[in-house]
Amino acid sequence: MARTALLNVMVQAATKAGRSLARDFGEIENLQVSRKGPGDFVSQADHKAEKIVREDLQKARPTYGLLMEESGEIEGTDGQHRWIVDPLDGTTNFLHGIPIFGVSIALERAGQIVAAVIYNPIMDELYTAEKGAGAFCNDRRLRVAARKDMTDCLIGTGIPFIGVGDHGRALKEIRHVMGEVAGIRRAGAAALDLAWVASGRLDAFWENGLHPWDMAAGVLLVREAGGFVSDANGKDDMFETRSIIAGNEFTHLQMRELLAKAKA
């Protein structure tokens, strides 16, 4: 596939950070780890990966703003463009030696996500998308799964942990969904969950309490793979409501209906 100059910059930053994470993954016991809150960790690896991504992106486009998980918001002089970055999505997996984590980079232009990269360095899977140009994994075109019957579907989700999120709501939603589907998976990295919806591994995904950097790149991947994405209310306000539902035309609608019943 032909990539634009901007996407090449994003790919270079993500793969370089991913190689750094892969090296640190082999020496987890030597990493310095601190707590951001109960059950919420940050490691040397997060900071190192974020520094790599930030330096590459700022070198290529010094006027663009950034929104990063560890550094927060860095205002740009451009006013139209902003990078949205999670340098290590799946930190808890990473620190427990579970090889499901990745680097996520999205480019926002005038409030719209126009380019996305998600890289899992352990599986060496590079997911890329540009608005109007399709979604790819290692240059192979992606399409969301075509299943329509929820009893055949595998659904991804996230589950809140100590001190974070609405535990009662999560349990109620899972109870409503689990009796209607072939299975529910909690992989622990929302960016990769969305990439897996785009690639057809998961038939749908939902989660509450996410941040923009958890889902920005994944939203574009799913849509460019022919899927549908909304917040829990069926609107395009994922960043504001911090909720997301993604799937194909049929699973997205049926998940919205199931989750609405859980609210009742």
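A quick note: this is a predicted structure, and the numbers were derived from the prediction, not measured. Numbers for residues simply follow the sequence, beginning at 1.
Annotation: the span from Asn248 atom CG to His252 atom NE2 amounts to 10.0 Å, rounded to 0.5 Å. For the atom pair CD (Glu75) and OG1 (Thr77), the distance works out to 10.5 Å, reported to the nearest 0.5 Å. In this structure, Ile244 CD1 and Asn208 CG are separated by 10.5 Å, a value rounded to the nearest 0.5 Å. The CG atom of Asp214 sits 13.0 Å away from the CE atom of Met238 when rounded to the nearest 0.5 Å. The CG atom of Leu88 lies 8.0 Å from the CD atom of Glu69; values are rounded to the nearest 0.5 Å. Separating the CZ atom in Arg61 from the CD atom in Gln58 is a distance of 13.5 Å, to the nearest 0.5 Å.
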Note to self: One pair to check against salt bridge (charged side-chain N to carboxylate O under 4.0 Å, His left out): Lys51 and Glu55. What are the steps and the verdict?
What the structure shows: CA-CA 6 Å; Lys51 183 173 184 286; Glu55 288 178 353; 2.8 Å; yes
Note to self: What verdict does the side-chain contact (heavy atoms from CB on, under 4.5 Å) test give for Arg3 and Val11, after you've listed the backbone C-alpha separation in whole Å, the side-chain angles of each residue and the deciding distance to 0.1 Å?
What the structure shows: CA-CA 10 Å; Arg3 294 184 187 138; Val11 166; 3.9 Å; yes
Checklist line | From CA spacing to verdict: side-chain contact (heavy atoms from CB on, under 4.5 Å), Arg140, Leu142 | finding: CA-CA 6 Å; Arg140 178 180 58 84; Leu142 299 180; 4.0 Å; yes
Note to self: With side-chain hydrogen bond (donor to acceptor under 3.5 Å, both in side chains) as the criterion, how do Glu207 and Ser243 come out once you've worked through the C-alpha distance, each side chain's angles and the decisive distance to 0.1 Å?
What the structure shows: CA-CA 6 Å; Glu207 189 167 354; Ser243 64; over 6 Å; no
Checklist line | Chi angles and distances behind the side-chain hydrogen bond (donor to acceptor under 3.5 Å, both in side chains) call for Thr4, Glu130 | finding: CA-CA 9 Å; Thr4 63; Glu130 289 186 272; 2.6 Å; yes
Next item on the list: For the pair Phe228 and Val222, evaluate side-chain contact (heavy atoms from CB on, under 4.5 Å) and give the outcome as yes or no after the intermediate values.
Entry: CA-CA 7 Å; Phe228 289 71; Val222 172; over 6 Å; no
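Between Asp236 and Arg223 a salt bridge is recorded (basic side-chain N to carboxylate O distance below 4.0 Å). A salt bridge links Glu73 with Arg82: at least one charged nitrogen is closer than 4.0 Å to a carboxylate oxygen.
The shortest heavy-atom contact between Ala106 and Ile113 is CB-CG2, 4.1 Å. Annotation for Asp193 and Gly188: closest pair OD2-N, 4.5 Å, computed over non-hydrogen atoms. Contact detail for Thr251 and Cys153: the closest heavy-atom pair is CG2-SG, 3.8 Å. Here the closest heavy-atom approach between residue Val229 and residue Ala246 is recorded as CG2-CB, 4.1 Å. Of all the heavy atoms in Ala217 and Ser104, the pair that sits closest is CB-OG, 3.4 Å. In this structure, Phe205 and Gly158 approach most closely via the heavy-atom pair CE1-N, 4.1 Å.
Within the structure, every pair that satisfies the ring pair (Phe, Tyr, Trp, His ring centres under 6.0 Å) test and touches residues 48-78, not counting sequence neighbours, is listed here: Tyr64-His81, Tyr64-Trp83. Among residue pairs with one or both ends in residues 111-126, those qualifying as side-chain hydrogen bond (donor to acceptor under 3.5 Å, both in side chains) are Tyr119-Asp124, Glu125-Tyr127, Glu125-Arg201; sequence neighbours excluded. Here side-chain hydrogen bond (donor to acceptor under 3.5 Å, both in side chains) pairs that include residues 254-264, with residues two or more places apart or in two chains, are Asn233-Lys263.
Contact annotation: the side chain of Asp166 never approaches that of Pro160 to less than 4.5 Å [non-hydrogen atoms, C-beta and beyond].
Linking ILVMFWY residues whenever their side-chain heavy atoms come closer than 4.5 Å, directly or via other members, leaves Met215 and Val103 in distinct clusters. Val53 and Val114 fall within the same hydrophobic cluster, where Ile, Leu, Val, Met, Phe, Trp and Tyr residues are linked whenever their side-chain heavy atoms come under 4.5 Å apart, directly or through other members. When hydrophobic clusters are built by joining Ile, Leu, Val, Met, Phe, Trp and Tyr residues whose side-chain heavy atoms come closer than 4.5 Å, directly or via intermediates, Trp213 is not grouped with Leu57. Residues Phe25 and Leu21 share a single hydrophobic cluster, defined by chaining ILVMFWY side chains whose heavy atoms lie under 4.5 Å apart. Follow the hydrophobic side-chain contacts under 4.5 Å out from Leu7 and you reach Leu107 in the same cluster.
The backbone N or O of Phe136 lies less than 3.5 Å from no partner atom in the side chain of Arg141, so there is not a single donor-acceptor pair. At least one donor-acceptor pair closer than 3.5 Å links the side chain of Glu50 to the backbone N or O of Glu70. Using a distance-only test at 3.5 Å, with no hydrogens or angles considered, no donor-acceptor pair links the side chain of Arg143 to the main chain of Ser199. Between the side chain of Lys148 and the backbone N or O of Phe250 there is no donor-acceptor pair closer than 3.5 Å. In this structure a side-chain-to-backbone donor-acceptor pair under 3.5 Å is missing from Ser20 to Ala49. Ser71 places no side-chain N or O within 3.5 Å of a backbone atom of Met68 that could act as its donor or acceptor partner. Between the Asp89 side chain and the Asp86 main chain, no donor and acceptor come within less than 3.5 Å of each other. Side-chain atoms of Glu224 come within 3.5 Å of backbone atoms of Gly132 as a donor-acceptor pair (strictly under, hydrogens ignored).
Screening Ile84, Val85, Ile118 for a side-chain contact (heavy atoms from CB on, under 4.5 Å) with Ile105, the sole residue that qualifies is Val85. Paired with Glu173 under the rule side chain to side chain donor-acceptor pair (under 3.5 Å), one option of His176, Arg175, Arg169 passes, and it is Arg169.
Residues forming a salt bridge (charged side-chain N to carboxylate O under 4.0 Å, His left out) with Lys16 (at least two apart in sequence, or on another chain): Asp56. Under the rule for a side chain to side chain donor-acceptor pair (under 3.5 Å), Asp152 has no partner lying at least two apart in sequence or in another chain.
Hydrophobic cluster of Val181: the remaining members, joined at side-chain heavy-atom separations below 4.5 Å, are Met150, Ile155, Ile159, Ile174, Val177, Met178, Ile184, Trp206, Ile245, Met255, Leu258, Leu259, listed by chain and number.
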